Q: 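Take a look at this one; I'll ask things after.
Throughout, a chain's letter reflects where its sequence line sits, starting with A, and its residues are numbered from 1. Note that this is a predicted model, so its numbers are computed, not measured.
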Amino acid sequence: MRPLNRLQMAWRAAQDIEDGMVVNLGIGMPVACGDYIRPGLEVVIQAENGVIGAGPLADQAHADSDLVDAGSRRITLAPGATIIDSTASFAMIRGGHIDATVLGAFEVAANGDLANWDMRIPNKGPLVGGAMDLAACARQVWIIMEFNTRKGAPRLRERCLLPLTAPGCVRRIFTDVAVVHVTPRGFLVTELLPGLTQDELQARADAKLQFAPECRPLTAPAIALPE
Amino acid sequence: MRPLNRLQMAWRAAQDIEDGMVVNLGIGMPVACGDYIRPGLEVVIQAENGVIGAGPLADQAHADSDLVDAGSRRITLAPGATIIDSTASFAMIRGGHIDATVLGAFEVAANGDLANWDMRIPNKGPLVGGAMDLAACARQVWIIMEFNTRKGAPRLRERCLLPLTAPGCVRRIFTDVAVVHVTPRGFLVTELLPGLTQDELQARADAKLQFAPECRPLTAPAIALPE
Amino acid sequence: MPIDKRVASAAEALEGVSDGAVVLCSGFGGAGFANVLIAALRERGTSNLTLVSNSATHRFSLTHELIEAGLVRRVICSAARGHAPGLSPFEELWKDGRIDLTVLPQGTFAEAIRAGGAGIPAFYTPAGFGTRLAEGKEIRRFGDRDYLLEEAIIGDLALIRADVADRWGNLTFRHAQANFGPAMATAAKLAIAEVRIAQDQPIPPTEVQLSGVFVNRVLTVGG
Amino acid sequence: MPIDKRVASAAEALEGVSDGAVVLCSGFGGAGFANVLIAALRERGTSNLTLVSNSATHRFSLTHELIEAGLVRRVICSAARGHAPGLSPFEELWKDGRIDLTVLPQGTFAEAIRAGGAGIPAFYTPAGFGTRLAEGKEIRRFGDRDYLLEEAIIGDLALIRADVADRWGNLTFRHAQANFGPAMATAAKLAIAEVRIAQDQPIPPTEVQLSGVFVNRVLTVGG
């Protein structure tokens with residue numbers, strides 16, 4: 001089977017979102033989770049610019065340059081929404097009122113360390129944004145990222161090589177070839193792409209992988225990437 | 001001339017309130033200042049329960065048990081008012097956004113120390129309320145109190161005998177027989193009740209009083225106390 | 001399932017509250033007391049409470065009934081004096097050493113609760129420096145001024161009063177009813193609002209004064 | 001005299017702003033940039049500025065023009081990366097050491113500004129602990145967790161964008177326009193709002209989102 005594409009990875013992460021949760025979705029792949037929340041569930045999507053209850057993207061007719069999420073996307077409000085200021089929004093985040101945040105990442109370590117803000121590109125200014133607050137303070141931190149870099153380097157590592165966003169914070173990792181939980185005993189693979197062996201996956205990681213006895217096949221419906 | 005009564009003292013303090021000021025008026029005598037602000041001035045009266053722009057007391061027909069000031073008095077809102085919560089109200093106070101607070105006091109020391117919260121009545125619970133925040137953080141602290149206690153003891157002292165509310169905070173004291181500024185060199189009397197000599201006033205204080213060269217007579221219009 | 005935080009009774013609202021709970025009760029200046037919930041807590045008999053309330057006893061609040069019923073072992077407040085000439089139920093217990101008291105400047109009290117809800121474990125404030133309330137507290141200089149270190153207050157339960165709620169738990173407050181309520185809701189593990197009306201349709205986004213994210217249960221009490 | 005904070009021009013709004021000022025500029029996610037005032041500040045040529053803005057350069061903001069014009073000697077932000085592939089004006093100056101940079105987690109950035117306006121000189125936060133941004137900062141344990149000490153940010157000038165103002169300086173914000181604006185207004189000695197409409201009649205008390213107590217001058221810019 002082919003590895004999941006980026007939207008399929010967002011779909012897979014979204015399946016773990018539970019009814020009534022308050023979730024913050026990071027810029028990029030994570031924000032696509034909002035489109036794939038299981039039918040019948042009501043979830044509050046928090047955007048760190050203060051939108052509490054973000055709805056789908058606005059269509060052209062309703063797009064408003066003042067009604068945006070943290071990624072400057074023109075959105076709508078879900079029923080029951082409100083908008084607060086940045087101080088209040090981060091008070092909500094830091095105070096542990098976000099049940100789960102879904103973020104992108106460069107690397108995750110077996111102890112849950114997260115590196116997702118600094119790729120050490122020479123002379124490019126640092127971009128922290130809200131990632132450190134979210135990573136340190138959300139009740140659960142979930143990551144969506146490819147299992148390996150484009151050059152094939154492992155993103156699941158014994159220790160992160162890149163600068164940390166927060167230590168010991170990651171609980172789940174949704175990748176293109178596996179779903180991995182971070183446990184007190186390290187990485188635990190709970191879903192594996194059909195056609196890939198445990199040994200093959202282990203070979204692509206820099207840390208010891210354990211495999212859950214009930215490890216299931218990783219599947220997702222067909223979702224086409226936009227052009 | 002007779003000493004000023006309590007409403008006359010509030011009137012006298014109110015004459016020092018300047019156009020455009022944001023003022024907080026303490027429970028008791030100070031809150032009466034709101035009735036005597038000079039005509040033509042627009043002032044924002046802050047009540048520490050969050051009313052920003054308190055108006056006069058409500059008449060019976062308009063009294064609302066939810067529209068109250070910090071002293072539980074049923075009030076109206078002035079034009080341009082808004083209401084914020086206690087956290088925001090004290091952020092405003094502590095952040096130095098109150099131009100002047102007018103408070104009652106038991107004692108003031110020559111260095112500006114204020115004692116207005118604990119009279120050491122046995123077994124009565126302490127009542128701090130917002131006084132420490134206001135005294136420590138308002139840009140100016142003005143006091144309305146009688147020059148002496150009912151038993152004749154001095155309230156203007158070299159050092160306070162009662163527990164402090166805040167050190168070195170008081171700028172002006174409006175009493176029944178004198179107006180006194182607190183300066184880096186101690187108490188400076190700027191207004192004195194006609195008929196009272198400087199020596200007589202000094203005899204009623206526990207600290208050295210200086211008298212301004214331009215010391216004026218303390219006067220107030222006749223204001224009857226309510227029954 | 002649609003989010004719906006409305007409960008049918010005060011008993012249901014208080015379900016799961018345990019002895020020893022730290023209870024945050026809103027109300028100030030006569031407005032914003034959740035008296036239906038406070039009365040229900042007293043009837044429930046949940047004991048050994050820490051009561052966090054601006055006034056230990058306020059003539060418009062029923063917190064004194066919790067105290068009189070012997071359910072409170074500790075009070076954190078900014079005002080602990082009864083209004084009546086004699087000793088209040090609180091003062092009677094306090095003078096006999098049967099109830100512990102922590103008094104904070106009101107701004108520190110409010111800020112400590114806000115900090116509890118905002119993930120700030122401690123902060124510095126100028127209020128109280130140089131006074132008896134500074135005893136035992138860390139003093140630190142920033143710039144040309146001295147400040148006290150104050151720690152956050154976190155509750156197990158917040159009982160607050162609001163005007164309108166929707167099924168998401170969003171709230172509006174009438175006039176000065178908000179006071180400590182919004183901060184208390186953020187700082188408690190279980191935040192319960194008693195409201196005049198709880199409606200199906202959402203409160204318009206610009207009218208919401210406290211996000212339902214901070215509110216766990218809503219009880220309609222009218223009034 | 002009636003309170004009236006409305007001014008006739010951007011030049012009048014900026015009267016008295018001095019070289020070396022610490023300037024707080026609101027805006028995030030495309031909303032809430034006070035671009036008329038920022039452009040006027042650049043034209044004025046006030047230099048040696050410390051720019052406090054969530055993004056050093058944001059494609060919807062004109063702060064990069066202040067930077068390009070060489071008026072900024074220091075930036076405090078949470079994001080300093082340009083959107084375009086090449087180096088931004090900020091990055092060009094920064095790599096040459098001609099501009100100082102302090103990066104904070106966005107929540108710390110917001111909270112530090114709020115603290116500046118709220119009389120809190122410093123506070124502890126978990127964000128940034130265990131990261132490179134903790135370097136040189138005091139670490140302290142409360143309970144079972146480690147926190148960083150962060151100091152308040154206070155500005156000489158805040159330039160914020162709002163929707164409606166009244167003559168008292170009360171403000172409303174459209175949708176996500178508020179972001180850092182309310183806190184920045186509280187934290188600056190001179191807070192200026194550019195607004196769509198500034199009206200004579202008061203904004204209804206329940207609709208005010210930022211009290212005019214925190215706003216010194218209001219400039220109508222339409223839009």
Q: Quick check: closest heavy atoms across C:P202 and A:G80, and the distance to 0.1 Å?
A: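 In terms of heavy atoms, the two residues are closest at CB-N, 3.5 Å.
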Q: Can you tell me how far apart OG1 (C:T206) and CD1 (A:I83) are? Round to the nearest 0.5 Å.
A: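 Reported to 0.5 Å precision, the distance equals 9.0 Å.
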Q: What pair of heavy atoms forms the shortest contact from C:S211 to A:T82, and how long is it?
A: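 Smallest interatomic distance, heavy atoms only, reads CB-CG2, 4.0 Å.
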Q: Work out which heavy atom in A:A91 is nearest to a heavy atom in C:R114; give both atom names and the distance.
A: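 So the minimum-distance heavy-atom pair works out to CB-NH2, 4.2 Å.
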Q: Taking all atoms of both residues into account, what is the closest heavy-atom pair of A:L77 and C:P205, and its distance?
A: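 Closest approach of A:L77 to C:P205, heavy atoms only: CD1-CG, 3.8 Å.
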Q: Does CZ in A:R185 sit with more than 12 non-hydrogen atoms of other residues, nucleotides or ligands closer than 6.0 Å?
A: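 Result for CZ/A:R185: open.
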Q: Which one of C:D166, C:I154, C:T186 has the most heavy-atom pairs closer than 4.5 Å to chain A?
A: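 Winner by heavy-atom pair count: C:T186.
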Q: Is A:R38 atom CZ crowded by more than 12 heavy atoms from other residues, nucleotides or ligands, each under 6.0 Å away?
A: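 Above 12, so yes.
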Q: Just do the side chain to side chain contact (heavy atoms under 4.5 Å, CB included) check on C:V213 and A:Q46 with the steps written out, would you?
A: CA-CA 10 Å; C:V213 165; A:Q46 199 254 18; over 6 Å; no
Q: Search all heavy atoms of A:E42 against all heavy atoms of C:M1 and return the closest pair with its distance.
A: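 Minimum heavy-atom contact is CB-O, 3.5 Å.
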